[in-house]
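We name chains A, B, ... by the order of the sequence lines, and we start the count at 1 in each one.
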Amino acid sequence: MPTSRRKLPRSFYARETLTVARELLGLHLVHKSIHGRQVGRIVEVEAYQGPQDLAAHSARGRTQRTEVMFGAPGHAYVYLIYGVWDCLNVVTAAHGTPHAVLVRALEPVEGIENTTHGPGLLCRALHVNRSLNGTDLTGNSLWIEMPAPAAYRQPKVQRATRIGVDYAGAWAKKPWRFFDGNSPYVSTVSTAARRRALQGSPVTG
DNA sequence: ATTTGGATCGGT
DNA sequence: CCGATCCAAATT
């Protein structure tokens, strides 16, 4: 099946955010740029469900930075964190519902030369930066697609709390991080979480 | 106009 | 644990 048939349509993103987050595991993120075609298998994501979710950037209302989160699903939300790293999200749910899923780790599939086991690292490796903020993920630059059948591996879906959101009170306890427990490419903290899970202290919720 | 602190990462 | 590094957003 040609690549275009495997590209996720907007209807994929226009659904309940936790469902989208879970189903993104195992799919391929593709970026075509002057650096060529780069592909990574998504192995870790986090759901952000503003404005109620105090961990979400959109919890503080519509601002210049979060404008894209309030727009149509199936677009990229890219922001700079700690003055150093870009982070890539996909906007989900209905237009006007400011939800997004943060892509936290990839397994290299094609054209990737640097490490991708963290949200900042994967953006650096795939040359994703704020110039791509607002990019339509149904277009021909940046998108997510089903792998070819021969390349697809079923993820072992595991859940845990989100990273770096301790300021968000009760929302910090939501198990809205999803990762492939079979993948050695999850971010460092998820590796620790997986170890805990395997030892029998699963996160609940 | 100034301050604050962050959806990270790598080194110690 | 801690510093890097800069910008969006809140505050004055």
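- The side chain of A/Y79 places no N or O atom within less than 4.0 Å of a non-bridging phosphate oxygen (OP1 or OP2) of B/dG6.
- Comparing B/dG10, C/dA10, B/dA7 by their closest approach to the side chain of A/H117 singles out B/dG10.
- A straight line from CZ of A/R60 to P of B/dA7 spans 8 Å, rounded to a whole angstrom.
- Nucleotides C/dT5 and B/dT2 place their P atoms 23 Å apart, quoted to the nearest Å.
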- Task: Run the numbers on A/F12 and A/L24 for side-chain contact (heavy atoms from CB on, under 4.5 Å), then give the verdict.
- Result: CA-CA 10 Å; A/F12 178 93; A/L24 283 174; 3.6 Å; yes
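- The structure places CG of A/L88 at 8.5 Å from CD1 of A/I42, a figure rounded to the nearest 0.5 Å.
- Salt-bridge check for A/R10 with A/D136: passed, with a basic side-chain N closer than 4.0 Å to an acidic carboxylate O.
- Distance OH (A/Y77) to P (B/dA7): 8 Å, rounded to an integer number of Å.
- Atom CG in A/N133 sits about 11 Å away from atom P in C/dA8, given to the nearest Å.
- For A/R124 and B/dT8, the shortest distance from a side-chain N or O to OP1 or OP2 is not below 4.0 Å.
- Each of A/V103 and A/V43 belongs to its own hydrophobic cluster when Ile, Leu, Val, Met, Phe, Trp and Tyr are linked at side-chain heavy-atom distances under 4.5 angstrom.
- One atom, CH2 of A/W85, and another, P of B/dG5, lie 23 Å apart when rounded to the nearest Å.
- Within the 4.5 Å cutoff, the side chain of A/V109 has heavy atoms near those of the A/H28 side chain.
- Straight-line distance from the CG atom of A/N129 to the P atom of C/dC7: 13 Å, rounded to whole Å.
- Counting heavy atoms from C-beta outward, A/R130 and A/Y79 have side chains that stay 4.5 Å or more apart.
- Computed from coordinates, the A/I81 CD1 to C/dA4 P distance equals 17 Å when rounded to whole Å.
- The residue A/V165 sits close only to the backbone: its heavy atoms come under 4.0 Å of sugar-phosphate atoms, none of a base.
- Nearest to the side chain of A/Y167, among C/dA9, C/dC6, B/dG6, sits B/dG6.
- Looking at A/R162, its side chain never comes within 3.5 Å of a backbone N or O of A/P175 through a donor-acceptor pair.
- Within 4.0 Å of A/L80, counting heavy atoms only, lie sugar-phosphate atoms of the nucleic acid but no base atom.
- Lacking a ring centre under 5.5 Å from that of the base six-membered ring together with a plane angle below 30°, A/Y82 does not count as stacked on C/dA4.
- To the nearest angstrom, P of C/dA4 lies 20 Å from CG of A/D86.
- Here the side chain of A/T63 is nearest to one of B/dG6, C/dA8, B/dT8, namely C/dA8.
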Writing each nucleotide of DNA chain B 5' to 3' as (, ), [, ], | or . by Watson-Crick or G-U pairing under 3.5 Å yields ||||||.||||.
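- Picking from B/dC9, C/dA8, B/dG6 the nucleotide with the shortest atom distance to the side chain of A/R65 gives C/dA8.
- Contact detail for A/H31 and A/V128: the closest heavy-atom pair is ND1-CG2, 4.1 Å.
- In this structure, CG of A/L121 is placed 11 Å from P of B/dG11, rounded to the nearest angstrom.
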